[in-house]
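In what follows, a structure is listed as structure tokens, so that the remarks can point back to it.
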Number of protein chains: 2
Amino acid sequence: MLPSTPQGWNAQGWNAYAGTCPTRMVLDRIADKWAVLVLGLLGDGPVRFNQLRRRIEGISQKMLSQTLKSLERDGLVSRRAIPTVPVTVEYSITPLGETLSATVDGLRIWAETHMEQVLKSQQQYDAAAA
Amino acid sequence: MLPSTPQGWNAQGWNAYAGTCPTRMVLDRIADKWAVLVLGLLGDGPVRFNQLRRRIEGISQKMLSQTLKSLERDGLVSRRAIPTVPVTVEYSITPLGETLSATVDGLRIWAETHMEQVLKSQQQYDAAAA
DNA sequence: CAGAATCCAGCTCGATACTG
DNA sequence: CAGTATCGAGCTGGATTCTG
């Protein structure tokens, strides 16, 4: 995002710069719920592929594989293949990944703090509509 | 999210509680790029429907309408219809919406700070693959 | 001006099956 | 164990058309 308004939004340039707009980029990344989950779990320490698969109940191997690959590409997660038989692969969060994880925590705190208000608002809205 | 790990992730319970998990909920909301854009723009002050439409270049009226409706339902944005002819509708951010907007700023800052590293990592990854 | 309704192309994602 | 490949259902979101 090049020139910014006080809020940091540049509505005119947004689409043109979408590919390089940092906000848009990070949004695309954390919009991926699996990525956020993986990042959160790896915060506890290195985990293997099928361990992740079991701990993130509901994820398909396709999505886990895909998620890990793009997290690795972004430098947020690192992959280490240990030449055992059969092979063992260990994923860990990188220092960069930890900084993102820490930032995302702000959102979780917002959610925990304000969820009740949001839920209440939704109920009122729905009640009014009926 | 009920019992939390130090990182705040409860992998086991995630899917079961997905409907009420605060993290998941806020993620679903900010995962919507249009919602984030609208929230950002409304931070500058009240804006009318077609003004938003023009300033967020690339959004369809369908998505804008949809986005505004769910933001209003969540209590993040308020709608005021002014009985002129033709009718004028003014959207503004609520105090609650401002708190979310402020939190999302943390992400924008992370992105601005670390985007270069991420881009570099991607290039290295792609180069290594080729 | 501010939307609602419809139609449909494209992409996501899960299920399944196979490999080193 | 740690993936890749393929197929198809389903949802997302744009274009278009119409209304109060």
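All figures in this text were calculated on a predicted structure; none of them were measured in a lab.
The CG-P distance, from A/N50 to D/dT4, rounds to 13 Å in whole Å. Straight-line distance from the CD atom of B/Q51 to the C1' atom of C/dA2: 13 Å, rounded to whole Å. The nearest whole Å value for the distance from the CD1 atom in A/I82 to the C1' atom in D/dA2 is 12 Å. When the C1' atom of D/dG13 is taken as reference, atom CD1 of B/I56 falls 15 Å away, rounded to whole Å. Rounded to whole Å, atom P of D/dA15 lies 14 Å from atom CG of B/L64. The CZ atom of B/R48 sits 8 Å away from the C1' atom of C/dC1 (whole-angstrom rounding).
Using a 4.0 Å heavy-atom cutoff across all strands shown, B/R53 reaches no nucleic acid atom at all.
For the pair A/R108 and A/E112, the salt-bridge criterion is met [side-chain N within less than 4.0 Å of a carboxylate O].
Using a 4.5 Å cut-off on side-chain heavy atoms (C-beta onward), B/H114 and A/L96 make contact. Contact annotation: the side chain of B/V47 approaches that of B/L42 to within less than 4.5 Å [non-hydrogen atoms, C-beta and beyond].
Across D/dG3, C/dG3, D/dT4, the shortest atom-to-atom separation from the side chain of A/Y91 is found for D/dG3. When distances run from any side-chain atom of A/S65 to the nucleotides C/dA2, C/dC1, D/dT4, the shortest one goes to D/dT4.
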Identify all pairs in which a protein N or O lies below 3.5 Å from an N or O of nucleotides 13-18 of chain C, and state each distance.
residue: C/dC13; atom: N4; partner: A/K62; partner atom: NZ; Å: 3.2
residue: C/dG14; atom: OP2; partner: A/S60; partner atom: OG; Å: 3.2
residue: C/dG14; atom: O6; partner: A/K62; partner atom: NZ; Å: 2.4

Between N or O atoms, less than 3.5 Å apart, protein on one side and nucleotides 8-10 of chain C on the other: list the pairs.
none

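Between the side chains of A/S70 and A/R29, at least one donor-acceptor pair of N or O atoms lies under 3.5 Å. For the 3.5 Å distance criterion, the side chains of A/R80 and A/T88 fail to qualify, holding no donor opposite an acceptor.
Within the structure, every side-chain polar atom (N or O) of A/K69 is placed at least 4.0 Å from both OP1 and OP2 of D/dG3. At C/dA2, none of the side-chain N or O atoms of B/T88 fall inside 4.0 Å of OP1 or OP2 (strictly under the cut-off). Here B/R80 does not reach the OP1 or OP2 of C/dA2: none of its side-chain N or O atoms lies under 4.0 Å away.
Shortest non-hydrogen contact noted between B/I59 and B/M63 is CG1-CB, 3.9 Å.
Remark: side-chain polar atoms of A/S92 are not paired, donor with acceptor, to backbone N or O of A/P46 under 3.5 angstrom. Looking only at distances, a side-chain donor or acceptor of B/T94 sits under 3.5 Å from a matching main-chain atom of B/L76.
When the side chain to side chain contact (heavy atoms under 4.5 Å, CB included) test is applied to B/R73, the partners found at least two apart in sequence or on another chain are A/Q122, A/Y125, A/D126. Under the rule for a side chain to side chain contact (heavy atoms under 4.5 Å, CB included), the partners of A/A111 that lie at least two apart in sequence or sit in another chain are B/P22, B/V26. Scored by the side-chain hydrogen bond (donor to acceptor under 3.5 Å, both in side chains) test, B/Q124 finds no partners at all (sequence neighbours excluded).
Between the two ends of the helix from C/dC1-D/dG20 to C/dG20-D/dC1, each summarised by a five-pair axis, the helix axis turns through 40° (rounded to 10 degrees).
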